[in-house]
Structure formats: structure tokens, C-alpha cells
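Data block below; observations after.
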Number of protein chains: 2
Amino acid sequence: MSAVAEAAGVSRATVSRVFHGSTPVAESTRDAVFAASERLGYVPNVMARVLAARTSDIIGLLLRGPTNPAYGLLFGELQENVSRLGLQMVVVAPSRAEGANFERQALNRLLGLRVGGMFVATGVIRADMLEPFLDKVPVVIIGRPESHPRIYSVSYDEDDNAYQLADAVAGQGHRGVAVVTPAGGNSATEHRRALAMTARLREHGVRVHPVAAPTFGAQEEGAREVIELHRAGHVTAAMFPADLRVLAFMPYLREAGLRTPEDLSVTGCDGILPGIDMIGFTTVRIPVEQAAQRAAEVMKTLLDGSTEIRHERLHGTLLPGRTLGPPPR
Amino acid sequence: MSAVAEAAGVSRATVSRVFHGSTPVAESTRDAVFAASERLGYVPNVMARVLAARTSDIIGLLLRGPTNPAYGLLFGELQENVSRLGLQMVVVAPSRAEGANFERQALNRLLGLRVGGMFVATGVIRADMLEPFLDKVPVVIIGRPESHPRIYSVSYDEDDNAYQLADAVAGQGHRGVAVVTPAGGNSATEHRRALAMTARLREHGVRVHPVAAPTFGAQEEGAREVIELHRAGHVTAAMFPADLRVLAFMPYLREAGLRTPEDLSVTGCDGILPGIDMIGFTTVRIPVEQAAQRAAEVMKTLLDGSTEIRHERLHGTLLPGRTLGPPPR
DNA sequence: CTGAAAGCGCTAACAA
DNA sequence: TTGTTAGCGCTTTCAG
């Protein structure tokens, strides 16, 4: 910076002003500074800037499982929206290699960077873990229903998603349906979806057979039970709380010599997977793009001093596919 | 920090030592410091630390298109490997909203953070753009063939991938094949794959019909031409340089009333998409996990002072699927 | 509109 | 093993 200042024949303070200053700078000086920094290849040191300014326009994203296409999409969309608003974004992902409280580690990594705001898109960090930082950093939780009175959240209306699917299944005339139901501790979202599906189906007078799917990460959990239920003539359709689960289920179906929807209808949820339309899943598409946009907008207002806290819920849209048909006669 | 120091009855330097110091600290003092910082909720300021130490163990990842599942997977795997080696990682993604040279912007964001090392996983940043920083920061390019004498790279052997697929297609007895060939400026990788496929097919004595696919992002580019070529009886198979392109092609195929592989065989490349096996694409699976592992290991040695530069190429494995069969008679 | 000077929170010799 | 003392590169009053 001193080099640039010297080359441009001004003080360091002026260089600073040219780059970020609120104070006006003479056109000529500005040009001189830009020219000099260009020539010298000057890249401002963000660390020093943040340290001195005690504030940062870098906002952090705590992202669970970038491997999951739904999170990948969220990342991409947030990035677009955030930079459209003139903010910067860096991302950290928790890693199991970081030990027991690995999500905590990732959170600290972000906090250590003294980000100016935080997006939290992970199921496991609990709201009260964030509490100590609320005074220092605006936080927006994305994708997970949250009702903390001091934390803004933008999430999906999972109940509505489930209802849409349940209505579609019931509407086809199915009277016995398997609902794969993951434990709450593993995926709050999937758990909730499954419960909502079950409730709605019952309202329709459908006989529901819940299938437990306790293990985290084992997407095929419950597959055999579903097949059994079908064999025994108890169900003509199976509802899964996530597309990836349907995907994992298909080989079992094929192995059992069954076809969908002729023998058994199946539905998923998410609608994000590229090619989902090709495979033809009946599913609900969650509005990731919209969530990203809202989250970015909200962050902006929060950074601008707003203190209004809301918990927004976005609606998904039913994606009719060929895996849902009427029950076999 | 001063607060902690005071509470623990030591100097700030000692607090610093307890947290990161190479110098030994008495057990008792260490405990006192930890106790105090726990009580006061002290989170070290990474910015200040980096500024003072002039070095950082945070390594940055410049990631193109997190929306693409292949990049998402790379992100996830890198994160695991990196933290297993005791390093931290932050990620930035270029955003088109950042204007013309948006990749440049993202690069600067990373440089501004004064990361201790950089992974570059994006097709567009040219090696010579990185040159000015090579002295300051070790750089590892991932996924893109690179031969810069000062930049380490870990990439996929795209020629070999293409050969495997071409051999499989030729082996089925196809004598006329369409190869969708994107322009080099858009995706160097896909361009290279297409050229290699073409060359290999020709070695097998196959008649190749290149189909230009100039537009970036329009995955369905070339679809109609392929259909035409088939209609005219020129080709019995179509090779695409990426799975996503195959995916985009399928609706056209269906619309034309054609089936695969009975009427037309198709192959892709990447093998990353969840459900790819279900769809049954014939493709090559690129070894993302292995690339991530190597990249992390290499980064570690580079940070430890190694200066050895190599350009590693990893082999993919053929994923036979049901979209490739013998030509119709 | 611009310069001087005082830090931001921390590390790294150098002494003790 | 610990404290003292300079900074790291930048921002921000406060005067001019």
C-alpha cells in the first residue's frame, strides 16, 4: 500500500479512501492511485482491512454436505444473489475429520474470520449454539424450519410438500401406502416430511404402513420392508421423504422383479437431481433458487441495520412423474 | 485477548503461545489460560493472527459451479482430506454477477484473505493469471490438465477416459458414430474428450460425424443434429463428452420416438450423478475422491516446503450401462 | 479534498 | 518458561 501511495504521490490514507472510502476523493488523485496499483499489482489485504475497520462485508456460509446436489445448488444460487447485492461470500463445510463436534469447528472457522454475517445451512447446529454470536453477527438459517425469536430463517414448507404428495397418491386411489420414516435425530427435514405425509394420508382414509429408516446415510434403509409389504399385498404405493432414497430403492425393486408404477407406485421429494425429469420421479421440487434469493435479500437488510425477525416458509411445486399411477387392480 | 491474559495473570504473549505457540508453556499456566478463555468466551481473531504471523494455515479453494454435482463432490472430498491433514479450508465461487472477469474477482477474494495455499478447480482461470502469486502461495490445480512448469496439477486422464468409451463403442460394432464436440473455449475438458474419442474411433476404422456444440451452458446443443444423422442412417451411436449432455439429449430422443440402445446407443462421461447407475448410462467414472486425496496430500508437502512440481493424471473406470448396445441390424 | 497519527488483535524476536 | 517491544497492512478521526 505504501508503494502505491508513493508511486501515486499521495498518502496511504488516500489510497485507502480510493479503494473503500466513504470520503470523496478528487478524480485526478483517484485515477493516479488506480493506475499505480494496477502497475504494481496491488491486492488489498482483506485481513488488515477487516482488522482495522472492525467490520467485514464478507459473509460466511456454513454448508452441510456440498456433495448433496441440493446443497450444491443452494451454494451456487446464494453466491449469485449475494454478489448481485455487492457482498462477498466464503464457504466452509464441516468435516467429520475434525472430530466430535465438527460442526462447531466449522462454525468457529467462520467466526474466526470475523465474517460480517452468516448463512447457516446445516441441520445439526442448534439455534442455541448460535445465540452467543447473535449480537455480533446477523444470522440467517436456510432450509431448516426454525422458530428462534432472534434468528431469521428462510425454509421450505415441508408440511405442504408432504401434503401435495400425499394428496396426489391418495388421489390415484391408493388405499395402502408405505411411508419411509427416518428418525428425527438424523434428518429433521425428512422426519417431518414423513410424519406429514402419514397424517395427510390418514385424513384421506388411507392405511399407512410406516417403515423405520434409522441409519444416517444409508439411503436404502427400509427398502426390503417396503418390498415385503407389497408382497403381502398391504401396499400399492411407497412414499419416500427424499429423492435420493427413491434412487437407492429402485435396484431393490428391480431385483424383486417389480415395475413402477404398474406394480408399485413410488414418490420422492426434493426435485433437485439433474435428470430427475428423465427418470420420471413423482416428487416435489423445493424452491432452492427462491430460498437463496430471499436469504440474500434478508441478509442485506439485516446488515443495513434491520432487526425484524421472521420465519419464512416457501412452497414447493409438485412434479408429476411416471412413477405414480393408479394401484394395480 | 488482554482480558484473558489479565484473568489468567499472564501476559498476552503467553496467551498467544498457549493457543498457537511453538514455544513450550508450563502446564499450570496453560490450564489457567484455557480456563480463563473458556470463561470469557474468547475466540481468537484469525484476521489479526494471520496479519501478524504473515502466514496462514487456511487454504482456499476456488471452485467453479458448485451446482455441478461433480464439483460438489470434489468440494466435499477435499474438505475431508484437508482437515484430516490438520488444515483449514474456505471456498469461494466465481459469480457472473461480479462482472466480466468474474473468475478473476473470485481469485482476488481468496488472495485478499491471504490464504496459505490455493486449490484451483475451475476451467477458465489461465495458468499465467496465477503466475504472479506463485512465489507467495502454493497452488494446486485440480481436474484440468495443466503443464505449467511451476504449477502442480492433479487431473483426470481425459484421453484415456475417451479411449475407454471409444473402444467400448467400436467394440460393439458401430461403424458410424456421432461425437458431440463443444468448442474449446467453453470447456477445455469436454473439448479434449471429444477430440480423443474421435481420434480413437477413427483408429478403429469408424466413420465419425462430429457435431458442434458451441454454446456454453446449453447442454442440449447438438441434439437435433444427432437425431438427423441417425434418421439419415449415418450413425448408430452418439457419444457425448459429459453425462449432463446425455441427460439433456434424452428428451429429444424420446420425442423422436427412438429408444436406446435399440435404435441408437449413447454414452456420456463423468459418472458422478447420483442415480446414474439407475438411468443406466454407459459412461466413465472419473476418480474425484482420489483426485481430492492427492491434491490435499500434495498441498501438505508444498506447504512443508517441497518444491517438486508434477502433473498427475488419474484414470477413470468404465461404467457399462444399458445405453450402449450393438447397432441395429 | 488530503495528510498525520493512533490504533485494530495478534505474533515473534529478544531479553530476562 | 515468560514478559517486553515492535510491528503486520489497513482504517479513521482530527486537523488542515
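Computation of the quantities below employed the complete heavy-atom set of this structure, encompassing side-chain atoms and omitting hydrogens, waters and symmetry-equivalent molecules. The shown structure was predicted, so the numbers you read here are calculated from the model rather than taken from an experiment.
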With side chain to side chain donor-acceptor pair (under 3.5 Å) as the test, pick out the partner of Tyr152(A) among Glu308(A), Glu312(A), His311(A). Glu312(A)
Approximate separation, where rounding is to 0.5 Å, of Ser2(B) OG and Arg12(B) CZ: 5.0 Å
Mind checking the NE2-CD spacing from His191(B) to Glu158(B)? Nearest 0.5 Å is all I need. 12.5 Å
ring-ring contact (aromatic ring centres under 6.0 Å, His included) pairs, two or more places apart, involving residues 22-45 of chain B: Phe19(B)-Phe34(B), Phe19(B)-Tyr42(B)
Across all chains, not counting sequence neighbours, the salt bridge (Lys or Arg N to Asp or Glu O under 4.0 Å) partners of Glu289(B) are Arg285(B)
Tell me which residues in residues 26-38 of chain B put a heavy atom below 4.0 Å from DNA chain D, sorted by number, or none. Ala26(B), Thr29(B)
Have a look at the helix from dC1(C)-dG16(D) to dA16(C)-dT1(D) and give the angle its two end axes make, five pairs each, rounded to 10 degrees. 30°
Report yes if some heavy atom in the side chain of Met118(B) is under 4.5 Å from a heavy atom in the side chain of Val115(B); otherwise report no. yes
Are any of the side-chain heavy atoms of Leu130(B) and Ile141(B) separated by less than 4.5 Å? yes
Using distance alone, with no hydrogens and no angle criterion, decide if Gln79(B) and Ser95(A) have a side-chain donor and acceptor under 3.5 Å apart. no
Rounded interatomic separation in angstrom, taking CG from Leu51(A) and P from dC10(D): 12 Å
N/O donor-acceptor pair under 3.5 Å between Asp270(B) side chain and Ile272(B) backbone: no
For Glu297(A) and Arg294(A), run salt bridge (charged side-chain N to carboxylate O under 4.0 Å, His left out): C-alpha distance rounded to whole Å, both residues' side-chain angles, the deciding distance at 0.1 Å, then the answer. CA-CA 5 Å; Glu297(A) 289 168 359; Arg294(A) 280 303 299 147; 2.5 Å; yes
Ignoring backbone atoms, test whether Thr14(B) places a side-chain nitrogen or oxygen under 4.0 Å from the OP1 or OP2 oxygen of dT1(D). no
Going 5' to 3' along nucleotides 11-16 of chain D, which nucleotides have protein heavy atoms under 4.0 Å from the base (write B), which only from the sugar-phosphate (write S), and which from neither (write -)? BBB---
Taking the side chain as C-beta and beyond, is there a heavy-atom pair between Ile59(A) and Phe119(A) under 4.5 Å? yes
Taken to the nearest 0.5 Å, the spacing of Leu61(A) CG from Met89(A) CE works out to 5.0 Å
Provide the start and end nucleotides, 5' to 3', of the part of DNA chain C that has atoms under 4.0 Å from heavy atoms of chain B. dG9(C) to dA13(C)
One should read off an interatomic distance between Leu134(B) CG and Ile151(B) CD1, to the nearest 0.5 angstrom, of 5.0 Å
